[in-house]
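Position 1 is the first residue of the sequence; numbering continues from there.
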Amino acid sequence: AMYAKKGWIRAASTLPMVFVVSIFAFEWYAYNFVYALRMSRVWEGTELLYSLLRTGLFNILWLLAFWSWARSALSDPGLIPEDWAKYMHDWETTGLIGHADRDWDPRTSSVCGSCKSRRPQRAHHCSIC
């Protein structure tokens, strides 16, 4: 939705993204400041060392999760390749036109209800889809 043609769709798509970022930020704050920082005053010796290792592990895993989410949320979804359209044209000229159904088959296609163009099954290719 970040790459939608319509401005209001792009604007509306920022709300769930802000919500997810706030969940990530709250999780990081709650663990590091509410739990780990307060408990570091109580822990001593090897217990303190283990808590530092746990906090380091948490922050590494948190960073990996946030980075993975951000990469997937902010990446361009791409377009249907030109080769696929040629493949489907060749497929249709042989008379073996596929039908969209619940069983996914990469050799078949479906028709977009908005722009009436052929697309791979389960593909979203226009701003309406």
Side-chain angles (χ1 to χ4, degrees):
M2 295 289 296
Y3 294 92
K5 294 176 186 173
K6 298 183 181 190
W8 68 271
I9 293 175
R10 283 194 309 270
S13 69
T14 59
L15 294 175
M17 294 186 69
V18 168
F19 180 70
V20 171
V21 168
S22 65
I23 289 173
F24 270 107
F26 175 76
E27 180 182 50
W28 183 85
Y29 173 80
Y31 185 83
N32 286 301
F33 287 104
V34 175
Y35 174 68
L37 189 62
R38 288 185 184 173
M39 291 302 291
S40 66
R41 297 180 188 130
V42 177
W43 291 323
E44 295 176 354
T46 57
E47 199 173 61
L48 179 62
L49 178 65
Y50 289 140
S51 70
L52 290 174
L53 290 174
R54 278 194 312 266
T55 303
L57 180 64
F58 169 81
N59 283 304
I60 289 169
L61 293 175
W62 181 90
L63 185 63
L64 286 173
F66 183 75
W67 182 60
S68 297
W69 172 80
R71 290 278 310 230
S72 65
L74 300 174
S75 65
D76 186 2
L79 300 171
I80 298 172
E82 299 277 334
D83 295 345
W84 189 86
K86 182 183 178 305
Y87 167 77
M88 279 315 300
H89 176 70
D90 295 344
W91 184 266
E92 290 171 353
T93 56
T94 61
L96 301 172
I97 300 173
H99 300 285
D101 57 8
R102 294 194 184 273
D103 298 323
W104 182 73
D105 185 1
R107 298 170 297 171
T108 60
S109 64
S110 60
V111 177
C112 174
S114 306
C115 62
K116 306 296 184 221
S117 64
R118 281 229 177 260
R119 63 181 182 188
Q121 284 188 4
R122 301 180 183 174
H124 301 278
H125 65 280
C126 64
S127 62
I128 299 170
C129 294

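Among residues two or more places apart in sequence or in another chain, the side-chain hydrogen bond (donor to acceptor under 3.5 Å, both in side chains) test is passed with Asn32 by Asn59. Residues meeting the side-chain contact (heavy atoms from CB on, under 4.5 Å) test with Phe66, sequence neighbours left out: Val21, Phe24, Trp62, Trp69. Partners of Tyr31 under the ring-ring contact (aromatic ring centres under 6.0 Å, His included) rule, at least two apart in sequence or in another chain, are Tyr35, Phe58. Phe19 is linked by a ring-ring contact (aromatic ring centres under 6.0 Å, His included) to nothing, counting only residues two or more places apart in sequence or in another chain.
Grouped with Val42 in a hydrophobic cluster is no other residue, since no side-chain heavy-atom contact under 4.5 Å to another Ile, Leu, Val, Met, Phe, Trp or Tyr is found.
Leu63 and Phe33 fall within a single hydrophobic cluster, where Ile, Leu, Val, Met, Phe, Trp and Tyr are joined by side-chain heavy atoms under 4.5 Å apart, directly or via other members. Residues Leu37 and Phe26 fall into different hydrophobic clusters, defined by Ile, Leu, Val, Met, Phe, Trp and Tyr side chains chained together at heavy-atom separations under 4.5 Å.
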Using a 3.5 Å cut-off and no angle test, enumerate the donor-acceptor pairs between side-chain atoms of residues 47-56 and protein atoms at least two apart in sequence or in another chain.
from  : atom 1 : to    : atom 2 : distance (Å)
Ser51 : OG     : Leu48 : O      : 2.6
Thr55 : OG1    : Ser51 : O      : 2.8

